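In what follows, chains carry the letters A, B, and so on, assigned in the order in which the sequence lines appear, proteins first and then strands, with residues in each chain numbered from 1. What you see is a predicted model, and the numbers here were worked out from it, not measured in a lab.
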Protein chains: 2
Amino acid sequence: MYLRALIGLAEDGTTTCSSEELAATAGVNSAKLRKDLSYLGSYGTRGVGYDVEYLRYQIAREIGVTHDWPVVIVGIGNLGHALANYSGFRSRGFRVVALLDADPTRHDEVVAGLDVRSFEDLESIVSDNDVSIGVIATPAVAAQAVADRMVAAGITSILNFAPSVLAVPEGVGVRKVDLSIELQILAYHEQRKAVAPGSEDAS
Amino acid sequence: MYLRALIGLAEDGTTTCSSEELAATAGVNSAKLRKDLSYLGSYGTRGVGYDVEYLRYQIAREIGVTHDWPVVIVGIGNLGHALANYSGFRSRGFRVVALLDADPTRHDEVVAGLDVRSFEDLESIVSDNDVSIGVIATPAVAAQAVADRMVAAGITSILNFAPSVLAVPEGVGVRKVDLSIELQILAYHEQRKAVAPGSEDAS
DNA sequence: AGGAGTTTGTGAACGGGAGAACAAAACGAG
DNA sequence: CTCGTTTTGTTCTCCCGTTCACAAACTCCT
């Protein structure tokens with residue numbers, strides 16, 4: 001998030017910024033921002049602030065966006081389709097090297113300039129392209145099997161969009177994004193507002 | 001998440017479950033699960049466990065999924081397209097009532113059985129359908145303007161997929177989902193593994 | 001009926017993140 | 001050179017979520 005904010009500031013022509021400004025742009029408290037940055041090193045100048053370009057480079061280096069990360073996406077339904085086309089991945093240093101789907105009827109399609117290939121090709125794609133990150137956009141029932149296969153093929157980080165809990169070996173990273181749970185959280189607060197307008201729930 | 005897990009158990013024919021089982025299914029600690037459920041009330045039976053159907057209904061009622069929530073999606077690019085078609089929304093009680101885009105060249109399209117309409121129609125759609133939840137799937141530069149317009153139209157909960165911090169008045173709920181930040185977090189841990197294999201960073 | 005075995009609900013301890021506050025450092029004016 | 005101003009880096013404190021541990025409560029078997 002700080003990197004995003006810094007890129008925005010750089011595009012606006014800002015060369016120097018204080019923790020207060022950067023924190024406001026990123027939407028956090030300035031003390032928290034300074035503490036977070038201090039874990040990376042001491043890249044600010046007291047009395048002056050942070051050099052936007054320098055800090056931007058340091059954060060980018062630290063979090064690894066200087067690399068180009070190859071990614072495979074499994075499950076080319078609606079969501080997989082959108083992820084394959086999502087420009088935010090490319091601009092953040094991620095390169096989608098393959099789209100896989102278990103359904104043979106989808107293997108004719110070309111999505112985002114890539115052939116949709118058979119899930120059976122996973123192992124060769126992973127080893128040929130040195131892929132370490134996989135994205136699961138399948139239905140929930142298939143997610144665990146896909147994850148197992150990914151791990152066996154050598155993938156060590158998984159981004160899971162299926163609404164299921166994945167069991168993976170030690171050392172494999174998993175992050176889960178559940179689109180409808182986010183909406184449910186909003187709906188919950190909406191309901192609270194409607195049930196007890198302006199007052200705390202006491203039942 | 002607990003509701004998801006309960007639905008899964010119900011589909012498997014399970015009628016009763018212990019906190020231990022449900023916690024394992026949902027991927028959390030059993031003590032945490034019991035404490036979370038205790039905030040809703042005392043719906044379990046000591047020595048027996050929880051009745052799956054009963055608990056399922058109680059959670060559904062509490063979080064508001066018994067309602068049918070109308071939703072508008074603004075920004076019908078790749079992501080908006082996928083969200084409009086995403087079956088997970090419908091099955092969780094959300095109904096997409098309109099798709100809006102500021103680009104007139106997109107107004108011809110029909111996505112997920114709905115016409116893509118002009119962003120100008122926001123106010124009438126919101127009042128006609130009593131919409132309180134809006135989804136922003138626009139580029140980052142447009143997000144704040146869309147949010148302002150949504151708030152003015154009467155929307156009180158916003159799910160933001162654009163990578164920007166939204167400023168909204170008190171009382172308006174905002175949740176942010178940033179797809180590429182999730183990948184960046186995975187890439188960060190990947191880099192750490194590569195730089196210091198099997199050892200802690202000490203620099 | 002009574003005891004053994006389970007499982008919930010909750011009080012207490014632990015850990016970690018977030019904000020307030022302050023010392024250290026840099027810069028500029030006189 | 002010195003003093004005042006600004007802003008970082010860091011410590012201290014507070015608060016909240018998580019986990020442990022145990023009493024209360026329920027079932028089943030004898």
Below 3.5 Å is the cut-off: list the nitrogen or oxygen pairs between protein and nucleotides 12-18 of chain C, distance only.
residue: dA12(C); atom: N6; partner: K35(B); partner atom: NZ; Å: 3.1
residue: dA18(C); atom: OP2; partner: K32(A); partner atom: NZ; Å: 3.0

Check nucleotides 22-30 of chain C against the protein and report each pair of N or O atoms closer than 3.5 Å, with its distance, or say if there are none.
residue: dA24(C); atom: N3; partner: R46(A); partner atom: NH1; Å: 2.7

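Of the side-chain N and O atoms in S42(B), one or more sit less than 4.0 angstrom from OP1 or OP2 of dG9(C). Between S19(B) and dT8(C) there is a side-chain polar atom (N or O) within less than 4.0 angstrom of OP1 or OP2. At dG9(C), one or more side-chain N or O atoms of Y50(B) fall inside 4.0 Å of OP1 or OP2 (strictly under the cut-off).
Separating the CG atom of D51(B) from the P atom of dC26(D) is a distance of 16 Å, rounded to the nearest angstrom. Distance OH (Y2(A)) to P (dT8(D)): 13 Å, rounded to an integer number of Å. L55(A) has its CG atom 12 Å from the C1' atom of dT8(D), to the nearest Å. Between the C1' atom of dT8(D) and the CD atom of E21(A) lies a distance of 14 Å, rounded to the nearest Å. Across the protein-nucleic acid pair, E20(A) atom CD and dA21(C) atom P stand 14 Å apart, rounded to whole Å.
The heavy-atom pair separating L166(B) from I136(B) by the smallest distance is CD1-CD1, 4.0 Å.
Ionic pairing of E123(B) and R149(B) is present here: one or more N-O contacts between side-chain nitrogen and carboxylate oxygen are shorter than 4.0 angstrom. A salt bridge does not link R56(A) with D51(A): every distance from a Lys NZ or Arg NE/NH1/NH2 to an Asp or Glu carboxylate oxygen is 4.0 Å or more. A salt bridge between R117(B) and E109(B) is absent, with no side-chain N of the basic residue lying under 4.0 Å from a carboxylate O of the acidic one.
Annotation for R90(B): atom CZ does not count as buried by contact number, only 12 or fewer foreign heavy atoms lying within 6.0 Å. Heavy-atom contacts from other residues, nucleotides or ligands closer than 6.0 Å to OH of Y57(A) number 12 or fewer.
The ring of Y43(B) has its center closer than 6.0 angstrom to the ring center of Y54(B).
Contacts of Y86(A) classified as ring pair (Phe, Tyr, Trp, His ring centres under 6.0 Å), with partners at least two apart in sequence or in another chain: F89(A).
Side-chain atoms of D101(A) come within 3.5 Å of backbone atoms of D103(A) as a donor-acceptor pair (strictly under, hydrogens ignored).
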